[in-house]
Amino acid sequence: MLKVKLPDASVLEFSRRVRPVDVASQIGPRLARATLAAEVDGTVVGADSALPEEGEVSLRLLTAKDPEALAVMRHSAAHVMARAVMRLFEGVQLAFGPTVDNGFYYDFLLDKPISEADFPKIEAEMARIVQEDEPFERIVEPREKAIVLCADLGQTLKVEHIREGLADQETVSFYRQGEFIDLCRGPHVPSAGAIKAFKLLSVAGAYWKGDASAQQLQRLYGTAWFSKQDLDDYLKRVEEAKRRDHRVLGKQLELFTVDQAVGAGLILWLPKGAVVRRELETFIYGELIQRGYQPVYTPVIGRVQLYETSGHYPYYADSQFPPIEMQDGDRYLLRPMNCPHHITVYKSKPRSYRDLPLRLAELGLVHRFEQSGELSGMIRVRGFTQDDAHIFCTDDQVADEFRGCLDMTQFVLKTLGLDDYRVRLSFRDPSSSKYVGSPETWDRAEAALEAVCREMSLPNLQVAQGEAAFYGPKADFIVGDCLGRDWQLGTVQLDYNLPSELRFALEYIGPDNRPHRPVMIHRAPFGSLERFVGMLIEHFAGAFPLWLAPEQVRVLAVSEKFEDYARQVQGRLAEAGLRVSGDYRPEKIGAKIRSAQIELVPYMLVIGGREMEQGTVAVRDRIEGDLGAMGVEAAIEKLKQEIRTKAVRKKS
RNA sequence: GCUAGCGUAGCUCAAUCGGCAGAGCAGCUGAUUUGUAAUCAGCAGGUUGUGGGUUCAAGUCCCUCCGCUAGCUCCA
């Protein structure tokens with residue numbers, strides 16, 4: 001006897017062995033047909049997987065309405081794609097084919113390169129398979145037999161995976177669909193007909209098991225949905241997101257440029273982009289001072305020895321610009337990190353516990369030679385400015401300082417209306433020996449950090465075991481770009497390494513008149529100004545809040561007859577400290593408005609005969625349109641108020 | 001770095017089968033004097049990323065290099 005609890009709290013009883021699809025039939029034939037998978041005690045399984053004979057389970061039948069079913073269907077779509085590829089190409093070896101956000105991929109090993117030109121015929125073959133609507137059949141085999149089966153199928157990658165990756169499994173499962181059989185954990189939808197709309201998206205290289213020294217496979221990405229409408233909506237969303245691309249907007253709005261004459265991954269901030277950056281810098285410096293940081297300035301190069309001491313050289317030599325060698329043999333490194341310089345500032349005099357916590361801040365320009373394939377606009381570059389600071393404190397102060405750093409980072413993100421972020425708390429992998437410091441210290445630090453994070457109720461907090469830097473645990477603030485890629489912005493990292501005896505042997509004199517070792521915290525709320533501004537451009541789709549806008553307001557003269565008065569108004573706004581320009585071209589007012597709208601100028605002041613007579617301006621808001629006439633001083637006060645509050649306005 | 005794709009005017013793109021490199025926007029000049037998202041006309045703008053090859057003829061086909069894009073690997 002099996003008791004099946006359904007989400008509506010009703011209970012069904014079965015004396016025979018049943019599957020979720022049988023439970024669905026019991027409720028109704030339409031539900032049975034719509035059931036694509038099931039969630040049994042919280043685990044997603046296939047609709048035809050047998051439920052236990054005895055006891056009680058809670059069961060949720062999953063249909064096209066449930067997001068879990070979408071993931072199951074996409075996994076099935078990956079199989080269908082693999083089946084199509086195997087029908088069309090000779091000697092295809094299958095690797096892995098999982099579901100990912102918004103779609104799926106499958107990795108193949110085959111001699112012939114697949115290109116996008118092959119997509120139509122693969123898609124056509126997939127459509128045929130979906131049309132045939134054959135069932136997915138689960139087959140469970142003992143491990144040894146599975147190895148033989150895969151070997152017979154010529155699937156050597158799968159053989160390797162069963163031997164190594166699944167070494168601890170007694171049995172493994174396959175899914176068969178017609179002539180196609182694939183090692184797979186499942187689950188799958190009942191049959192291919194559940195895949196209603198799909199599209200291949202791209203082909204790329206991928207390494208077998210993520211190992212760059214292993215052979216490279218061909219990865220085919222696709223997306224699949226339960227309706228053509230959903231698919232079209234998705235493709236449209238992707239297109240719209242691409243219009244926010246900071247590389248496109250950065251060029252259109254003249255914010256930054258990259259030129260191979262200077263070098264790949266090296267950002268040239270154009271005047272308008274420089275305004276945004278300068279405003280952010282002013283903002284961040286104000287915060288730093290308020291929060292007890294002391295700005296310092298240090299050089300962008302340092303002797304190689306310094307980085308040997310810090311351990312950055314030669315450990316990261318592959319991703320550094322090689323040292324500059326002088327005639328006398330002295331070698332200098334373009335700094336990849338600011339910390340050694342700040343440590344040198346710390347060491348510039350003996351420190352007492354009364355100096356701690358010592359918070360040294362600098363917008364520090366660093367250079368790293370990132371691999372060419374990694375470079376991406378302002379987001380992944382070879383020269384960038386960290387809004388860096390290093391806090392030197394006692395063990396007891398770590399939690400408070402850590403909290404202060406998180407608080408500042410949150411404050412910065414909130415001020416900019418960036419609330420779609422997640423926080424990743426990276427801890428060590430206890431089974432690895434690559435970490436500095438004793439396990440006890442790590443445990444204590446990790447516990448303290450997690451406690452602070454929980455107490456601050458950070459959004460989407462997740463703990464990532466094994467993601468810590470070798471020198472200490474860290475908390476990263478992660479934001480997605482317009483293509484859905486996640487990037488680290490702000491970061492707060494504990495460091496037991498650099499202060500240690502092995503490295504810089506930092507000390508302070510304690511109340512006991514004896515030397516003690518300080519702890520270091522690295523922190524950067526923006527991460528890098530380059531990446532942060534890149535993300536901001538995408539976040540605002542180029543339409544910055546007033547306080548950041550390169551051009552805050554533009555005076556538009558209705559005709560040249562009113563130019564003199566308009567110029568007076570422009571002068572008055574400039575005097576008031578606003579970033580203002582004037583459009584005095586012999587154009588119609590509609591054309592001037594259009595230019596200003598396209599250039600995303602937040603406010604326009606239209607000036608014609610009426611305004612000149614009455615000494616007013618007609619204010620046009622980029623978002624809301626015409627706001628009507630008001631006095632010049634009233635308009636200035638309105639804008640200044642919005643700047644003071646750093647308001648983030650969106651279309652209402 | 002690896003795999004694949006793409007490089008045509010400042011920008012967005014066109015150029016059939018290999019057959020005279022073109023359009024819109026931006027720019028410049030002139031006319032127009034304008035009331036809330038594009039006034040009209042003219043002019044100028046190119047070694048088709050680079051170097052080589054095939055051909056009577058190359059933007060188009062082949063090779064090299066450079067750059068860009070996506071993904072993979074990396075990210076102190």
Side-chain angles (χ1 to χ4, degrees), chain A residues 100 105 107 113-118 201-221 242 245 247-248 251-252 254 257-261 263-264 307 310-313 315-320 335-340 366 368-377 380-382 384 386 467-472 474 476 483 485 487-488 491 493 495 497-498 522 527 531 556-563 584-599 604-611 618-622 624-629:
Chain A
V100 291
Y105 67 78
D107 287 345
I114 298 177
S115 82
E116 289 186 21
D118 298 313
L201 298 177
S202 63
V203 56
Y207 298 105
W208 170 239
K209 298 206 168 176
D211 179 356
S213 64
Q215 56 201 322
Q216 194 158 24
L217 311 166
Q218 300 192 61
R219 175 171 297 180
L220 236 49
Y221 281 92
K242 279 185 189 162
D245 191 319
R247 292 165 299 194
V248 175
K251 181 170 263 183
Q252 262 171 31
E254 299 177 9
T257 190
V258 179
D259 194 309
Q260 56 171 308
Y307 297 96
S310 74
H312 294 118
Y313 192 88
Y315 188 76
Y316 288 107
D318 282 351
S319 48
Q320 286 167 2
R335 71 173 170 195
M337 291 282 281
N338 301 310
C339 17
V366 298
R368 298 179 186 175
F369 193 82
E370 306 286 1
Q371 299 181 65
S372 60
E374 300 302 341
L375 303 175
S376 178
R380 192 81 189 263
V381 293
R382 286 182 175 158
F384 55 98
Q386 295 177 314
E467 289 295 310
F470 68 92
Y471 50 74
K474 58 176 181 170
D476 294 323
L483 297 181
R485 298 174 295 198
W487 298 96
Q488 175 199 306
T491 184
Q493 315 187 353
D495 189 343
N497 174 45
L498 290 179
H522 309 246
R531 177 176 291 180
L556 310 180
V558 170
S559 95
E560 285 175 63
K561 282 189 257 175
F562 316 113
E563 180 171 342
Y584 305 111
R585 292 176 300 166
E587 278 288 355
K588 287 167 67 169
I589 191 67
K592 295 183 183 184
I593 286 170
R594 184 165 189 274
S595 306
Q597 290 279 155
I598 288 171
E599 291 170 53
M604 290 148 261
L605 302 185
V606 176
I607 288 174
R610 291 198 293 274
E611 288 74 24
V619 179
R620 182 186 165 97
D621 175 31
R622 188 189 64 77
E624 305 293 340
D626 192 359
L627 301 182

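Just the heavy atoms: all of them, side chains too, but no hydrogens, waters or symmetry mates, feed the values below. Chain A is the first sequence line, chain B the second, and so forth, proteins listed ahead of strands; every chain is numbered from 1.
Under the 3.5 Å distance criterion, the side-chain polar atoms of Arg382(A) are matched with a main-chain donor or acceptor of Glu370(A). Under a 3.5 Å cut-off, the side chain of Lys592(A) and the backbone N or O of Val558(A) do not form any donor-acceptor pair.
Using Watson-Crick or G-U wobble geometry with both donor-acceptor distances under 3.5 Å, rU36(B) finds no partner in any strand shown. As the counterpart of rC72(B), rG1(B) is assigned, both hydrogen-bonding distances of the Watson-Crick or G-U wobble pattern falling under 3.5 Å. The partner of rU60(B), taking Watson-Crick or G-U wobble pairs whose two distances both stay under 3.5 Å, does not exist in any strand shown. Figure legend. rA44(B) is base-paired to no nucleotide; pairs are counted as Watson-Crick or G-U wobble with both atom distances under 3.5 Å. rG7(B) and rC66(B) make up a base pair, with Watson-Crick or G-U wobble contacts both under 3.5 Å.
One finds no side-chain N or O of Lys588(A) lying less than 4.0 angstrom from the OP1 or OP2 phosphate oxygen of rG35(B). The phosphate of rG1(B) has OP1 or OP2 within less than 4.0 Å of a side-chain N or O from Ser372(A). Distances shown here put every side-chain N or O of Arg585(A) at or beyond 4.0 Å from the OP1 or OP2 atom of rU33(B). Under 4.0 angstrom from either OP1 or OP2 of rC68(B) there lies no side-chain N or O belonging to Arg247(A).
Taking atom CD1 on Ile607(A) and atom P on rU34(B), their separation rounds to 17 Å, with Å as the unit. Distance CG (Leu220(A)) to C1' (rG71(B)): 12 Å, rounded to an integer number of Å. Here rU33(B) presents its C1' atom at 6 Å from NZ of Lys561(A), a figure rounded to the nearest Å. Between the CD1 atom of Ile598(A) and the P atom of rC25(B) there is a distance of 12 Å, given to the nearest Å. Separating the CG atom of Asp245(A) from the P atom of rU12(B) is a distance of 12 Å, rounded to the nearest angstrom. Counting to the nearest Å, the P atom of rC74(B) and the NZ atom of Lys209(A) are 15 Å from each other. Atom P of nucleotide rU33(B) and atom CD of Glu587(A) are separated by 14 Å, given to the nearest angstrom. One interatomic measurement links the two molecules: CG of Asp107(A) to P of rA70(B), which rounds to 19 Å at whole-angstrom precision.
Counting only heavy atoms from C-beta outward, the side chains of Ser115(A) and Gln218(A) never approach each other to under 4.5 Å.
Between rA9(B) and rG45(B), the distance separating the two C1' atoms is 6 Å to the nearest Å. Rounded to whole Å, the C1' atom of rC20(B) lies 22 Å from the corresponding atom of rG24(B). For rA31(B) and rG46(B), the C1' atoms lie 30 Å apart once the distance is rounded to whole Å. Rounded to whole Å, the separation between the C1' atoms of rA4(B) and rU47(B) comes to 30 Å.
For Tyr315(A), the OH atom is loosely surrounded, since the number of other residues' heavy atoms within 6.0 Å does not exceed 12.
Nucleotides of RNA chain B nearest to Gln493(A) and Gly377(A) differ in position, and the one nearer the 5' end is that of Gly377(A). Both Ser319(A) and Gln260(A) lie near RNA chain B, and the one whose nearest nucleotide falls closer to the 5' end is Gln260(A).
As judged by a 4.0 angstrom heavy-atom cut-off over every strand, Tyr105(A) is placed among residues making no nucleic acid contact. When heavy atoms are screened at a 4.0 angstrom cut-off, Val203(A) is found touching the sugar-phosphate backbone but no base atom. Residue Leu201(A) is classed as having no contact, given no heavy-atom separation below 4.0 Å to the nucleic acid.
The two residues Gln488(A) and Arg531(A) come nearest to each other via the heavy atoms O-NH1, 2.8 Å. The nearest pair of heavy atoms linking Glu467(A) to Lys474(A) is O-CE, 3.6 Å.
With hydrogens and angles left out, the side chain of Tyr207(A) and the base of rG1(B) share a donor-acceptor pair within 3.5 Å. Between the side chain of Glu560(A) and the base of rU33(B) there is at least one donor-acceptor pair of N/O atoms closer than 3.5 Å. You'll find a donor-acceptor pair under 3.5 Å spanning the side chain of Arg380(A) and the base of rC75(B), going by distance alone. Interface remark: the Glu611(A) side chain does form a donor-acceptor pair with the rG35(B) base, using a distance-only criterion of under 3.5 Å.
Of the charged side-chain nitrogens involved, at least one lies within less than 4.0 Å of a carboxylate oxygen, so that Asp245(A) and Arg247(A) count as a salt-bridged pair.
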